[in-house]
Amino acid sequence: MYCGDETGSFVGDVGSHTSRFGYGGEDCPKYVVPSYVARNKSPDDRARRSPVPNAPHHPRWAEAELASALRQARTDDNSHQPLVDPVAYLAQGDSVQDWDAYEQLWHRIVHPVLASTPGCTYSVGVGAKAMASARRRDLVHRVECLMESLDCPAAFLAPTPMLSAFAYGRQTALVVDVGAGGCVATPVVDGLLLTQAQRRNGRGGDWLGNVTWQALLEQRTIVRPRYQQHASFKPDESAAKNGIFHRWAMQDLMYEFRTSGNVAVPAWWYDETVPFCKSPATEAGDEIVIDPISPGGSESITYELPDGTLVDLTNRVGRDLCRVPELLFTDQVPFVSADQISNSSVLMEHESLTNLPLHKLVHESLAAVGDVDVRKDLAANIVLTGASSLLPNMEQRLSLETSRMTSSAYKCKVLASRHAVERSCAAWIGGSILSSLGSFQQLWLSRTEYEEYGATLAIQRFP
Ligand SMILES: Nc1ncnc2c1ncn2[C@@H]1O[C@H](COP(=O)(O)OP(=O)(O)OP(=O)(O)O)[C@@H](O)[C@H]1O
């Protein structure tokens with residue numbers, strides 16, 4: 001009996017924000033879980049630490065779980081230092097941050113699958129990002145984890161851009177992934193990655209969240225995430241307030257704002273004469289002057305934060321907040337100082353990251369491809385994936401801006417599924433398609449091969 005189709009594969013894609021798992025050959029992943037863990041800090045408790053995943057994916061659920069972990073921690077310790085580090089990310093950018101958690105995540109997902117399908121034989125296809133210098137080490141670690149810890153009969157790892165291109169039925173495509181950690185433009189030619197032409201920036205969903213948060217602060221709006229509204233929350237508990245958990249809770253709030261009906265990337269117009277609100281003067285004593293704008297009526301448009309605070313969307317900052325996703329396409333970034341941009345953890349961690357807007361990233365990536373015919377092919381097959389690309393009008397805007405930038409000899413075409421799951425899980429779907437092919441068995445690393453040659457064979461064999 002096999003778990004999946006023919007080859008009996010189980011496919012996983014561990015992203016920096018969301019992880020997806022499911023049977024090869026199926027249309028969409030069975031498990032979509034957040035990529036972070038709640039962990040006990042005390043060594044005794046480490047054994048009992050539990051990854052948050054293993055539940056239906058819902059931010060509210062995860063928040064409730066983490067909030068209860070925080071409350072528990074407070075009752076355990078009078079020093080106001082939570083015993084749990086409430087959110088530690090499994091992966092950041094391309095590399096896995098916490099191998100123990102990575103392993104546990106696989107265990108928590110795969111073991112119930114095996115239990116529910118007795119006698120099941122399975123192989124694993126994993127979508128891994130295109131990696132640069134850390135690739136070898138990362139690849140070896142991943143293979144070891146699958147073979148040693150999960151006891152897989154066979155394993156196969158592939159870069160996510162390649163799989164995303166397959167999901168759209170393309171062997172040659174320029175894959176633009178707008179994820180949580182940033183945007184990555186990767187040319188895939190005949191199923192292989194041109195890593196030297198890959199370009200990435202640090203502007204992703206998390207970055208948009210930070211900018212929105214900063215803009216609200218500049219408008220002097222007090223933003224209180226849900227966990228602070230809990231009766232047991234005491235404002236002096238700075239340990240919780242300044243921790244990763246607080247940042248995570250704020251990100252979640254900003255995500256809600258970003259996906260509300262008021263916010264959109266303007267589709268067809270881009271008036272450069274209407275700049276974003278500049279950072280207000282910071283000299284002491286200066287009052288922030290927020291210009292009122294008249295949208296053709298006296299009616300004010302507001303957005304209600306969870307604590308009931310109303311954000312006015314008709315003034316200058318409010319109007320900018322409604323087009324925050326547009327910052328993916330602008331050179332100048334308001335609300336965030338140049339220092340904050342260059343010191344951002346993502347940018348510091350990956351020296352290869354730039355601060356280019358999305359369309360310039362695509363243009364640079366195309367320009368780095370030497371062969372003109374291939375470049376034309378790539379321009380005609382720009383595949384847009386990643387959950388942050390679900391912001392309204394992204395597809396039209398990217399198409400418009402890339403056409404503007406590239407020579408008229410190129411016909412730029414952006415391919416983006418209208419189906420949200422297909423867009424956000426493109427890499428997983430590509431893995432599912434690949435692993436259900438009859439010839440997939442020739443690609444994987446079998447247990448016998450692993451035992452004979454070790455994980456280093458994976459470096460030579462996997463794309
Ligand atoms: N419907 C939506 N509209 C806009 N943004 C969304 C939507 N759904 C999720 N996001 C944002 O997309 C980001 C997650 O994207 P995705 O799931 O592609 O990331 P990932 O693959 O885990 O990350 P990465 O590509 O950086 O490894 C988050 O910042 C989230 O807030």
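Counting starts at 1 for both ligands and their atoms, following the listed order. Keep in mind the model is a prediction, meaning the values are calculated, not measured.
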### Query
Are side-chain heavy atoms of Thr309 and Glu304 found at a separation under 4.5 Å?
no
### Task
Answer side chain, backbone, both or neither: which part of Asp13 comes under 4.0 Å from ligand 1, heavy atoms only.
neither
### Query
Going through the checks in order, is the salt bridge (charged side-chain N to carboxylate O under 4.0 Å, His left out) test met by Lys360 and Asp331?
CA-CA 9 Å; Lys360 291 194 178 165; Asp331 285 305; 2.8 Å; yes
### Query
So which of Ser16, Ala420, Gly209, Gly15 gets nearest to atom 26 (O) of ligand 1, if we judge by its closest heavy atom?
Ser16
#### Entry: Atoms in ligand 1 with a heavy atom of Gly181 nearer than 4.0 Å
26 (O)
### Task
Any atoms of ligand 1 less than 4.0 Å from a non-hydrogen atom of Gly386? List them with their elements.
18 (O)
### Query
What atoms of ligand 1 come closer than 4.0 angstrom to any heavy atom of Asp177?
25 (O)
#### Entry: Cation-pi geometry met for Arg20 and Tyr31 (6.0 Å, 45°)
no
### Query
Backbone or side chain, does any N or O of Leu390 fall under 3.5 Å from an N or O of ligand 1?
no
#### Entry: Student check: side-chain heavy atoms of Ser399 and Cys412 closer than 4.5 Å
no
### Message
Heavy atoms only, cut-off 4.0 Å: how does Arg423 contact ligand 1, side chain, backbone, both, or neither?
### Response
neither
### Query
ligand 1 versus Thr18, non-hydrogen atoms closer than 4.0 Å: side chain, backbone, both, neither?
both
### Message
Strictly distance-based, threshold 3.5 Å: is any side-chain N or O of Arg199 a donor or acceptor partner for the main-chain N or O of Val184?
### Response
no
### Task
Please determine if Ser424 has a nitrogen or oxygen closer than 3.5 Å to a nitrogen or oxygen of ligand 1.
no
### Task
Kindly say whether Ala427 contributes a backbone atom to a donor-acceptor pair with the side chain of Asp13 at under 3.5 angstrom?
no
### Query
Which atoms of ligand 1 sit under 4.0 Å from any heavy atom of Asp206?
29 (O)
### Task
Give the numbers and elements of all ligand 1 atoms closer than 4.0 Å to a heavy atom of Leu391.
4 (C)
### Query
So does Arg397 pair up with Glu326, basic N to acidic O under 4.0 Å?
yes
### Task
Below 4.0 angstrom from a heavy atom of Gly205, which ligand 1 atoms are there? Numbered from 1 as shown, please.
29 (O)
### Query
Any idea which part of Arg258 is under 4.0 Å from ligand 1, heavy-atom wise: side chain, backbone, both or neither?
side chain
### Message
If we ignore hydrogens and angles and just use 3.5 Å, is the side chain of Arg258 paired with the main-chain N or O of Leu208 as donor and acceptor?
### Response
no
### Message
Could you tell me if the side chain of Phe166 sits less than 4.5 Å from the side chain of Val188, heavy atoms only?
### Response
no
